[in-house]
**Q** 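Here you go, one structure.
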Amino acid sequence: MSFSHKKHLGQNFLKDTLIKDRIFLSIPSFAKNLQLVEIGTGLGDLTQRLLDFGRVVTYEIDEDLKAPLKAKFENALKDGSLEIRFENIMDSKDSAIFEGEYFLVANLPYYVATAFILKALRDEKCKGFLVMIQKEVAQKFCAQSGEKEFCALSVLSQSLGSMEYLFDVKASSFEPMPKVDSAVIYFVKTKGLISDLESLLKRAFKSPRKMLFKNLEIDKKELEEIFATLNLSMQIRPHQVSTDTYIKLLNQLQKVGKWKITTKEVT
Ligand code: SAM
């Protein structure tokens, strides 16, 4: 099939059959009770594999792919096992991606991967995901406290469920080849979103090399007391604090009325 790839849409299509198989085999069995949703249909190579699992709803922004996808999936579209929605997944103002409860599988376009994962984390209907993203971003989402990649993204995802780094994917697995390597991560949501935590983390990691105490920019005396209660050193850096401690810190700050809701994004 001849198709000219659109770089600005992150069109690096997955060609490696073994990687497609590994993604397919990593889909958890609980996803059988949910709708399988794919983001970024592309030429439909991964979609084809996902149809072996169950009914698929897939989203694609590029209308030039309409004709080739229609031809490729004529039968699945007819019998209803596949639905293709030509939409921009970042368009909807609220966080809803799909109307029912769903499990996400995607080879995400790099340019929108972090923002989209945050959207999925916020979306109550999203029960988990298996996504391929740029390796450095995957490391951030999965980092543990004390590791240099540990950041607001790690705390946020770990406070909502379990995030796991599954495997690396070489740039040569794609056509055209991207400049960076990728990785597949797996997330299962076990808790609801605490939106206040997002805003606390944004402040905490504002200057990652500075001390957490300074980054928080809160009345010194009150913060000293809270740090003492939590047994936290005044010299501690944001990446050295565990996810549990961030949650306790938020609770303490809320107790003294020092944390208000904002909806700014964590990046
Ligand atoms: N799933 C295919 C595969 O694995 O080969 C394609 C993956 S490719 C990395 C990402 C796909 O997402 C592209 O087809 C691109 O056009 C589509 N895409 C990019 N931005 C999008 C957006 N905002 N909404 C929906 N689809 C988007």
Side-chain angles (χ1 to χ4, degrees), residues 1-24 35-51 56-77 81-98 102-123 126 129-141 153 166-185 265 267:
M1 196 183 305
S2 88
F3 176 79
S4 62
H5 300 84
K6 298 185 180 75
K7 208 174 162 191
H8 69 284
L9 291 178
Q11 290 184 345
N12 302 100
F13 297 144
L14 180 61
K15 289 294 159 203
D16 189 326
T17 307
L18 283 178
I19 299 294
K20 276 182 255 177
D21 287 347
R22 279 184 87 175
I23 293 175
F24 177 79
Q35 175 60 55
L36 208 58
V37 172
E38 186 198 14
I39 303 299
T41 326
L43 289 171
D45 288 26
L46 185 60
T47 321
Q48 182 80 69
R49 198 72 183 86
L50 297 181
L51 282 169
V56 177
V57 173
T58 179
Y59 289 81
E60 174 55 56
I61 196 171
D62 186 0
E63 303 236 353
D64 288 348
L65 288 165
K66 242 181 199 170
L69 287 173
K70 238 179 150 181
K72 181 176 180 126
F73 293 111
E74 198 182 348
N75 294 338
L77 288 166
S81 51
L82 177 68
E83 184 185 336
I84 308 177
R85 298 183 181 180
F86 285 90
E87 289 173 27
N88 179 349
I89 37 117
M90 298 311 288
D91 256 0
S92 58
K93 283 190 198 77
D94 54 21
S95 57
I97 293 161
F98 179 75
Y102 63 94
F103 185 85
L104 258 173
V105 184
N107 168 14
L108 285 173
Y110 291 149
Y111 80 99
V112 82
T114 303
F116 179 74
I117 291 175
L118 288 170
K119 197 173 155 80
L121 288 172
R122 284 190 196 103
D123 186 353
C126 177
F129 54 74
L130 188 65
V131 292
M132 180 144 54
I133 51 178
Q134 190 175 333
K135 189 171 174 175
E136 286 78 50
V137 181
Q139 285 167 334
K140 283 187 178 180
F141 273 108
L153 297 175
L166 290 190
F167 53 88
D168 293 337
V169 183
K170 289 253 165 279
S172 55
S173 303
F174 302 90
E175 174 62 46
M177 224 166 93
K179 288 201 174 76
V180 292
D181 285 335
S182 298
V184 174
I185 60 172
E265 271 197 352
T267 51

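Remember, it's a predicted structure, so these values are computed and weren't measured experimentally. We're numbering straight along the sequence, starting at 1.
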**Q** Is there side-chain contact between Leu14 and Asp45, with heavy atoms separated by less than 4.5 Å?
**A**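 Not in contact.
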**Q** I'd like to check Leu108 versus Ile117 (side-chain heavy atoms, cut-off strictly below 4.5 Å). Are they in contact?
**A**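 The answer is yes; the side chains approach within 4.5 Å.
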**Q** How close do Lys72 and Leu43 get, counting heavy atoms only, and between which atoms?
**A**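 Looks like CD-O, 3.3 Å.
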**Q** Answer whether the closest heavy-atom distance between the side chains of Phe86 and Leu69 falls below 4.5 Å.
**A**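 When only atoms from C-beta onward are counted, Leu69 and Phe86 do touch, with a gap below 4.5 Å.
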**Q** Between Leu77 and Lys70, what is the shortest heavy-atom contact and its length?
**A**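 Nearest pair, atom of Leu77 first, then Lys70: CD1-CA, 4.0 Å.
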**Q** For the CD1 atom of Ile39 and the NZ atom of Lys119, what is their distance to the nearest 0.5 Å?
**A**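 One finds 9.5 Å between CD1 of Ile39 and NZ of Lys119.
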**Q** Report the C-alpha distance between Arg49 and Asp21 in whole Å, list the side-chain angles of each, state the deciding distance to 0.1 Å, and finish with yes or no for side-chain contact (heavy atoms from CB on, under 4.5 Å).
**A** CA-CA 8 Å; Arg49 198 72 183 86; Asp21 287 347; 2.7 Å; yes
**Q** Run the side-chain contact (heavy atoms from CB on, under 4.5 Å) check on Phe98 and Asp123 step by step: do they pass?
**A** CA-CA 9 Å; Phe98 179 75; Asp123 186 353; 5.9 Å; no
**Q** Taking the side chain as every heavy atom from C-beta outward, state whether Tyr111 and Leu9 have any pair of such atoms under 4.5 Å apart.
**A**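 When only atoms from C-beta onward are counted, Leu9 and Tyr111 do touch, with a gap below 4.5 Å.
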**Q** Can you measure from CZ (Phe103) to CG (Leu130) and round to the nearest 0.5 angstrom?
**A**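 Phe103 atom CZ to Leu130 atom CG measures 5.0 Å (nearest 0.5 Å).
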**Q** One pair to check against side-chain contact (heavy atoms from CB on, under 4.5 Å): Phe73 and Leu51. What are the steps and the verdict?
**A** CA-CA 10 Å; Phe73 293 111; Leu51 282 169; 3.9 Å; yes
**Q** What is the distance from atom CZ of Arg85 to atom OH of Tyr59, rounded to the nearest 0.5 Å?
**A**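 Going from the CZ atom of Arg85 to the OH atom of Tyr59 covers 4.0 Å.
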**Q** Please report the shortest heavy-atom distance between Ala120 and Cys126, naming the atom on each side.
**A**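 That would be O-CB, 3.5 Å.
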**Q** Apply side chain to side chain donor-acceptor pair (under 3.5 Å) to residues Tyr110 and Asn12 and explain how you reach the verdict.
**A** CA-CA 9 Å; Tyr110 291 149; Asn12 302 100; 5.9 Å; no
**Q** Show the nearest heavy-atom pair for residues Ser173 and Ile19, with the distance to one decimal.
**A**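 Scanning both residues completely, I find the closest heavy atoms to be OG-CG1, 4.1 Å.
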**Q** Can you tell me how far CD of Glu38 sits from OG1 of Thr47, rounded to the nearest 0.5 angstrom?
**A**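 Output value for this atom pair is 3.5 Å.
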**Q** Just verifying a value: how many Å separate Gln134 CD and Gln139 CD, rounded to the nearest 0.5 Å?
**A**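 With rounding to 0.5 Å, CD (Gln134) is 10.0 Å from CD (Gln139).
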**Q** I need the minimum non-hydrogen distance between Ala171 and Met177, along with the two atoms involved.
**A**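 For Ala171 versus Met177, the nearest heavy atoms are O-CG, 3.0 Å.
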**Q** Under 4.5 Å between any side-chain heavy atoms of Leu121 and Phe129, yes or no?
**A**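 They are in side-chain contact.
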**Q** For the CD atom of Glu175 and the CG atom of Asp16, what is their distance to the nearest 0.5 Å?
**A**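 Interatomic distance, Glu175 CD to Asp16 CG, rounded to 0.5 Å: 12.5 Å.
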**Q** Which heavy-atom pair separates Ala138 from Ile185 by the least distance, and what is that distance?
**A**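 Residues Ala138 and Ile185, closest heavy atoms: CB-CG2, 3.6 Å.
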**Q** Picking from Leu36, Val131, Val56, Val184, what satisfies side-chain contact (heavy atoms from CB on, under 4.5 Å) with Val105?
**A**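 With Val105 as partner, Leu36, Val131, Val56, Val184 yield a single side-chain contact (heavy atoms from CB on, under 4.5 Å), made by Leu36.
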**Q** Within a strict 4.5 Å, meaning less than it, do heavy atoms of the Lys20 and Gln48 side chains meet?
**A**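 Side-chain contact under 4.5 Å: no.
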**Q** Please step through side-chain contact (heavy atoms from CB on, under 4.5 Å) for the pair Phe167 and Ile23, ending with a clear verdict.
**A** CA-CA 10 Å; Phe167 53 88; Ile23 293 175; 4.2 Å; yes
**Q** Tell me, do Ile97 and Phe116 make a side-chain contact under 4.5 Å, heavy atoms counted?
**A**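 Yes, at least one pair of side-chain atoms sits under 4.5 Å.
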**Q** For Ser172, give me all partners under side-chain hydrogen bond (donor to acceptor under 3.5 Å, both in side chains), at least two apart in sequence or on another chain.
**A**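 Result, side-chain hydrogen bond (donor to acceptor under 3.5 Å, both in side chains) vs Ser172: none returned.
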**Q** Run the side-chain donor-acceptor check on residues 60-68: report pairs under 3.5 Å with partners two or more places apart or on a different chain.
**A**
{"from": "Glu60", "atom 1": "OE1", "to": "Thr41", "atom 2": "N", "distance (Å)": "3.1"}
{"from": "Glu60", "atom 1": "OE1", "to": "Gly42", "atom 2": "N", "distance (Å)": "2.9"}
{"from": "Glu60", "atom 1": "OE2", "to": "Asp62", "atom 2": "N", "distance (Å)": "2.9"}
{"from": "Asp62", "atom 1": "OD1", "to": "Lys6", "atom 2": "NZ", "distance (Å)": "3.2"}
{"from": "Asp62", "atom 1": "OD1", "to": "Asp64", "atom 2": "N", "distance (Å)": "3.0"}
{"from": "Asp62", "atom 1": "OD2", "to": "Lys6", "atom 2": "NZ", "distance (Å)": "2.8"}
{"from": "Asp62", "atom 1": "OD2", "to": "Gln11", "atom 2": "NE2", "distance (Å)": "2.9"}
{"from": "Glu63", "atom 1": "OE1", "to": "Lys66", "atom 2": "NZ", "distance (Å)": "3.1"}
{"from": "Asp64", "atom 1": "OD2", "to": "Lys6", "atom 2": "NZ", "distance (Å)": "2.8"}

**Q** Holding to ring pair (Phe, Tyr, Trp, His ring centres under 6.0 Å), I want the full list of residues that pass it with Phe141, two or more places apart in sequence or in another chain.
**A**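 Partners of Phe141 by the ring pair (Phe, Tyr, Trp, His ring centres under 6.0 Å) criterion come out as none, since no residue qualifies.
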